[in-house]
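Basis for what follows: all heavy atoms, side chains included, without hydrogens, waters or symmetry-related copies. A, B, ... follow the sequence lines: proteins, then strands. Residue 1 opens every chain.
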Amino acid sequence: MNGANFVVQALKQHNISQVFGYPGGAIMPLYDALYDGGVDHLLCRHEQGAVMAAIGYARSTGNVGVCIATSGPGATNLITGLADAMMDSVPVVAITGQVASHLIGTDAFQEIDVLGLSLACTKHSFMVQNAEQLGPIIEQAFELAASGRPGPVLIDIPKDIQLGDAVNFASICKAPITEKVDQEAINKALAMISDAQKPLLYVGGGVGMAKAITPLRQFINTTKIPSVCTLKGIGAIEHDSDYFLGMVGMHGSKASNFAIQECDLLIAIGARFDDRVTGKLDEFAPHAKVIHLDIDAAEVDKLRTVELSMTEDLKHILPLLEVEISIEDWQQKALTMKVDFANRYDHPGEAIFAPALLRQLAQMQPRDTVICTDVGQHQMWVAQHMFVDRPENHISSSGLGTMGFGIPAAVGAKVARPDDMVIAVSGDGSFMMNVQELGTIKRKKLPVKILLIDNQRLGMVRQWQKLFFDGRYSETILTDNPDFVTLASAFDIPGETISTKSQIQDALTRLLESEGAYLLHVSISEEENVWPLVPPGAANDKMMESLQ
Amino acid sequence: MKSQLTIESQNSPELLERLLRVVRHRGFNVQTLQAETTDNEQNLHLSLTVYSEREISLLTKQLEKIFGVTKVSLLAQQAEIKASA
């Protein structure tokens, strides 16, 4: 068996049945092994599409996603996706071909130092230097990608090692680590929770990554502590949970942001005090003591000094923190804020109001629909106005904010969960950034639904230009966009354009009931903005709600 | 604030680069550096002095996370370094 066949066998041993990639010279031996190797490969139409499909696959299932690319430009095209996976802690293993060992460092054709390039955007990266290393490195890569705080791992394999004889490798069966929970910390946390008058949960993506949704919901059920979530935390708490106030931060709900500013105990669970959450850090949760639960010790005291931290597995900690407490006044306050600051969908005129459109879609879509978004205004409207009850059903590039993410992520999610509806919500700017992945949808006849919200602008940048740059719309006007419905039809994707409220119901029905892929192109006014907005450098309770 | 650190790790060709990238990216400047491999090139021992306005734990926690790093020790900070000079 050669090295390339060994890699395919190792993928199967790690229960990988699906990979995403793009072939090229230095990875040809691996593609030869994939030809009849028993692992399904989906050809994406750009390596960035492949890595983002692997992310969509990983995020929609909780399993490791795998992507493959060749050396040089193939590898450099992965970088943005690896950075995305790094920022959002997504378990991805990327395999790149490298020129043959004797050519490394000679500026050979399609040679680039991908190991060096990967240092800033992977959890770890390996270059295989000899056949003996191949087995242990693949095993370590899968272990690293999925364990602790997950993340992307890159394996660079020179062509001669793919072609050379493989060396058998006896897998090391590691004894599971039994984690001791710090009882003293638990006792202190219980005392802090019991003493608090206005405790608040600040729930991030770490809860879903830790597969701790059930313990979190049980904890909320017992304590009845009000809660807010981050963009990546959407879905961890049921949307209709009594005291759940929605997303917090720059485009968070008023109720969430006010609650953060008023609480006296903030329990951060799998969250990292990102600047889009905290606003002005010095004034974030100014009255609160903080308990920080996160598996990554480097996140503790990174931005906010906390009173207590625990870095054990959330599944083990949360059940030990369940305590019944009496906080009726605070709960009542939360309920009042929820009602007083509820989203409003009344909107004058016939033009389509994107928040109301997305609300209606959320009401009409089947249960367990996966929503993949691109980046910009539409992404925030999805976060604010759609409701999701599983983190795996809301796939949004959160930390890196990667435009072009939505379509390939939806491809990966649809391959991973063929029986569930997958909808990509995109904007006219983002859509064009990985538009070639319509070719992947066509190739596999993937029934991915696309809702393209088009304001002929780079809307979020335009909004900031309007608010903070005196309306100088530098390079954000896209009135020369292509005809998107015609473009989709070139990939055998039917579609239609709507622009008035009266068209919404029927068009959404056609989108959801179409047999294959479908593009619903929605024209909206460029004047619509995302509200509320915490301006840069302001505290979270200083929200702008209109242009006035 | 100056901080004097030692880092013990399993050696790999890119490890020094990996460590120094984290030092720079997290906002620390290297003032002195000594690196040597031990145990037949299997391990790498690093002694360095770094300078930053930032809290040193922000760096040490990031270094401890790196795959292959076995121990990060903070030997001294500015006052002690000055006293011994």
Side-chain angles (χ1 to χ4, degrees), chain A residues 83 86-87 89 93 98 101 104-105 112-130 133 136-156 158 272-273 281 292 294-306 309 311, chain B residues 1 3-30 33 35 37-46 48 50-75 77-78:
Chain A
M86 186 70 177
M87 291 290 271
S89 309
V93 170
Q98 181 55 278
S101 302
I104 294 174
I112 196 76
D113 174 19
V114 64
L115 186 71
L117 282 170
S118 72
L119 295 180
C121 60
T122 56
K123 185 174 172 185
H124 195 72
S125 40
F126 298 94
M127 184 197 273
V128 183
Q129 291 177 297
N130 54 56
Q133 288 182 342
I137 282 177
I138 293 172
E139 179 148 306
Q140 284 170 339
F142 277 92
E143 159 73 17
L144 275 168
S147 63
R149 178 177 180 172
V153 179
L154 179 128
I155 311 173
D156 196 31
R272 60 182 176 86
F273 297 87
L281 188 60
H292 195 175
D294 198 296
I295 199 153
D296 183 358
E299 291 300 339
V300 174
D301 292 334
K302 185 179 84 174
L303 290 158
R304 170 75 177 238
T305 306
V306 303
S309 64
T311 55
Chain B
M1 177 77 83
S3 305
Q4 200 180 336
L5 301 172
T6 59
I7 303 169
E8 307 288 343
S9 54
Q10 294 160 13
N11 196 20
S12 61
E14 81 295 353
L15 187 70
L16 184 60
E17 194 180 345
R18 193 183 289 281
L19 294 169
L20 292 178
R21 192 205 71 79
V22 171
V23 170
R24 172 188 55 76
H25 174 59
R26 296 294 170 180
F28 293 78
N29 292 315
V30 176
L33 172 68
T37 55
T38 58
D39 305 318
N40 198 20
E41 309 280 311
Q42 293 295 300
N43 296 314
L44 182 74
H45 175 90
L46 215 66
L48 71 167
V50 295
Y51 174 83
S52 179
E53 300 294 324
R54 296 187 180 180
E55 185 68 38
I56 190 67
S57 65
L58 295 176
L59 176 60
T60 53
K61 284 185 197 173
Q62 294 293 342
L63 293 171
E64 283 163 355
K65 282 204 314 190
I66 294 173
F67 180 70
V69 170
T70 48
K71 191 177 182 189
V72 178
S73 307
L74 176 62
L75 299 186
Q77 291 208 282
Q78 189 174 40

task = Can you see which heavy atom on B:Glu14 is nearest to which on A:Ser125, and at what distance?
result = OE2-O, 3.9 Å
Sequence neighbours left out, cut at 3.5 Å: what donor-acceptor pairs do the side chains of residues 66-75 of chain B make with other protein atoms?
{"from": "B:Thr70", "atom 1": "OG1", "to": "B:Glu8", "atom 2": "O", "distance (Å)": "3.0"}

key: Between OG1 on residue A:Thr305 and CD on residue B:Glu55, distance to nearest 0.5 Å   = 8.5 Å
key: Residue, of A:Arg149, A:Met127, A:Gln140, that accumulates the most heavy atom pairs under 4.5 Å with chain B   = A:Gln140
remark   = Here the pair of heavy atoms bringing B:Gln62 nearest to A:Ala298 is NE2-CB, 3.5 Å
Beyond-backbone contact of B:Pro13 with A:Gln129, side-chain heavy atoms, under 4.5 angstrom = yes
ask   = Given that the side chain runs from C-beta out, which part of B:Arg18 has a heavy atom under 4.5 Å from chain A: side chain, backbone, both or neither?
value = both
ask   = With chain A, which of B:Glu17, B:His25, B:Arg54 has the greatest number of heavy-atom pairs at distances under 4.5 Å?
value = B:Glu17
inquiry  = Applying salt bridge (Lys or Arg N to Asp or Glu O under 4.0 Å), can you list everything that pairs with A:Asp301, at least two apart in sequence or on another chain?
reply    = none
ask   = So B:Lys61 and A:Lys302, side-chain contact (heavy atoms from CB on, under 4.5 Å) or not? Walk me through it.
value = CA-CA 9 Å; B:Lys61 284 185 197 173; A:Lys302 185 179 84 174; over 6 Å; no
ask   = Can you tell me how far OG of B:Ser12 sits from NE2 of A:His124, rounded to the nearest 0.5 angstrom?
value = 6.0 Å
ask   = Side chain, backbone, both or neither: which part of A:Leu115 has an atom under 4.5 Å from a heavy atom of chain B?
value = side chain
query = For atom CD of B:Glu64, is the number of surrounding heavy atoms from other residues, nucleotides or ligands below 6.0 Å larger than 12?
reply = yes
